[in-house]
Amino acid sequence: MSLILPLDIIEKIQQEYKDQYDFVEDLLTNQSFFHTEEEVILRLIRSILFLSEGSIEQLQKYLNIAKIDFRDVFYWAEYDQNNKQIRDFKKPFKGEYN
């Protein structure tokens, strides 16, 4: 599946991965385990970008974890240690998440 990324995700990749944009975009949009709704895929991509903090190694780590159970990635990105949701990556990135 190939996915067209929304502007907020494109900007996040450009901001954090600069010269590696094409590589990161390809990694995120051509995953065989993305057999679900676009809304869930975009939430997962935002979560992975948030957690990876500009690191290719971390990006690949979270992609591999998502292949096992993407709900773990959602939990780590969106919830605090008290199980309270503090972010919502169903929505586009805003300054508070960058």
Side-chain angles (χ1 to χ4, degrees):
M1 170 185 182
S2 187
L3 176 71
I4 297 174
L5 297 174
L7 185 58
D8 70 296
I9 293 175
I10 291 170
E11 289 174 347
K12 182 75 165 175
I13 296 170
Q14 289 172 336
Q15 174 188 359
E16 296 201 352
Y17 294 95
K18 300 178 181 30
D19 296 334
Q20 299 172 310
Y21 178 86
D22 291 335
F23 176 72
V24 171
E25 180 189 34
D26 189 53
L27 273 179
L28 292 171
T29 58
N30 295 304
Q31 295 296 319
S32 61
F33 59 89
F34 287 162
H35 295 290
T36 188
E37 301 161 3
E38 185 172 316
E39 178 182 316
V40 175
I41 295 168
L42 295 177
R43 180 182 176 199
L44 182 58
I45 289 172
R46 287 184 184 104
S47 296
I48 289 170
L49 286 170
F50 174 78
L51 291 169
S52 64
E53 299 178 327
S55 164
I56 293 291
E57 294 79 19
Q58 291 296 309
L59 183 85
Q60 291 172 321
K61 170 187 160 183
Y62 289 112
L63 280 169
N64 288 332
I65 290 169
K67 291 176 186 177
I68 298 166
D69 191 340
F70 61 83
R71 296 171 297 178
D72 288 335
V73 176
F74 291 155
Y75 180 77
W76 297 328
E78 296 183 345
Y79 291 80
D80 67 12
Q81 62 271 25
N82 297 315
N83 296 323
K84 180 182 178 205
Q85 187 172 17
I86 56 174
R87 293 176 207 90
D88 183 0
F89 288 122
K90 293 177 196 165
K91 298 176 183 173
F93 282 118
K94 295 181 181 161
E96 63 205 81
Y97 301 143
N98 291 330

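These values consider heavy atoms only, across backbone and side chains, with no hydrogens, waters or symmetry-generated copies.
- Of all heavy-atom pairs spanning Asp8 and Pro92, the tightest one is OD2-CA, 3.3 Å.
- Remark: Ile45 CD1 to Lys12 NZ distance equals 14.0 Å, nearest 0.5 Å.
- Annotation: salt bridge (Lys or Arg N to Asp or Glu O under 4.0 Å) contacts involving residues 54-64, sequence neighbours excluded, are absent.
- The line from CG of Leu42 to CG of Leu5 is 7.5 Å long, rounded to the nearest 0.5 Å.
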Item checked: Test side chain to side chain contact (heavy atoms under 4.5 Å, CB included) applied to Leu59 and Leu49, step by step -> CA-CA 7 Å; Leu59 183 85; Leu49 286 170; 4.1 Å; yes
Next item on the list: Begin with the C-alpha distance, continue with both residues' side-chain angles, and end with the deciding distance and a verdict on side chain to side chain contact (heavy atoms under 4.5 Å, CB included) for Tyr17 and Ile56.
Entry: CA-CA 8 Å; Tyr17 294 95; Ile56 293 291; 3.7 Å; yes
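- Scanning for side-chain hydrogen bond (donor to acceptor under 3.5 Å, both in side chains) contacts around Glu53 gives an empty result, with sequence neighbours left out.
- When the side chain to side chain contact (heavy atoms under 4.5 Å, CB included) test is applied to Asp80, the partners found at least two apart in sequence or on another chain are Asn82, Lys84, Ile86.
- Contact record, Gln85 with Arg87: NE2-O, 2.9 Å, taken as the closest heavy-atom pair.
- Contacts of Tyr75 classified as ring-ring contact (aromatic ring centres under 6.0 Å, His included), with partners at least two apart in sequence or in another chain: Tyr79.
- Formation of a donor-acceptor pair under 3.5 Å by the Glu16 side chain with backbone atoms of Gly54 is found in this model.
- Residues forming a salt bridge (Lys or Arg N to Asp or Glu O under 4.0 Å) with Asp69 (at least two apart in sequence, or on another chain): Arg71.
- Within the model, atoms CD1 of Ile48 and CZ of Phe89 stand 11.5 Å from one another, a figure rounded to the nearest 0.5 Å.
- Among residues two or more places apart in sequence or in another chain, the ring-ring contact (aromatic ring centres under 6.0 Å, His included) test is passed with Phe74 by Phe70.
- What you find for Leu63 and Leu28 is that their closest heavy atoms are CD2-CD2, 4.2 Å.
- Listed here is the closest heavy atom pair of Pro6 and Arg46: CG-NH2, 3.7 Å.
- Every salt bridge (Lys or Arg N to Asp or Glu O under 4.0 Å) that Glu78 has, sequence neighbours left out, goes to Arg43.
- Ser47 approaches Val73 most closely through the heavy-atom pair CB-CG1, 3.8 Å.
- Residues satisfying the side-chain hydrogen bond (donor to acceptor under 3.5 Å, both in side chains) criterion with Asp26, sequence neighbours excluded, are Asn30.
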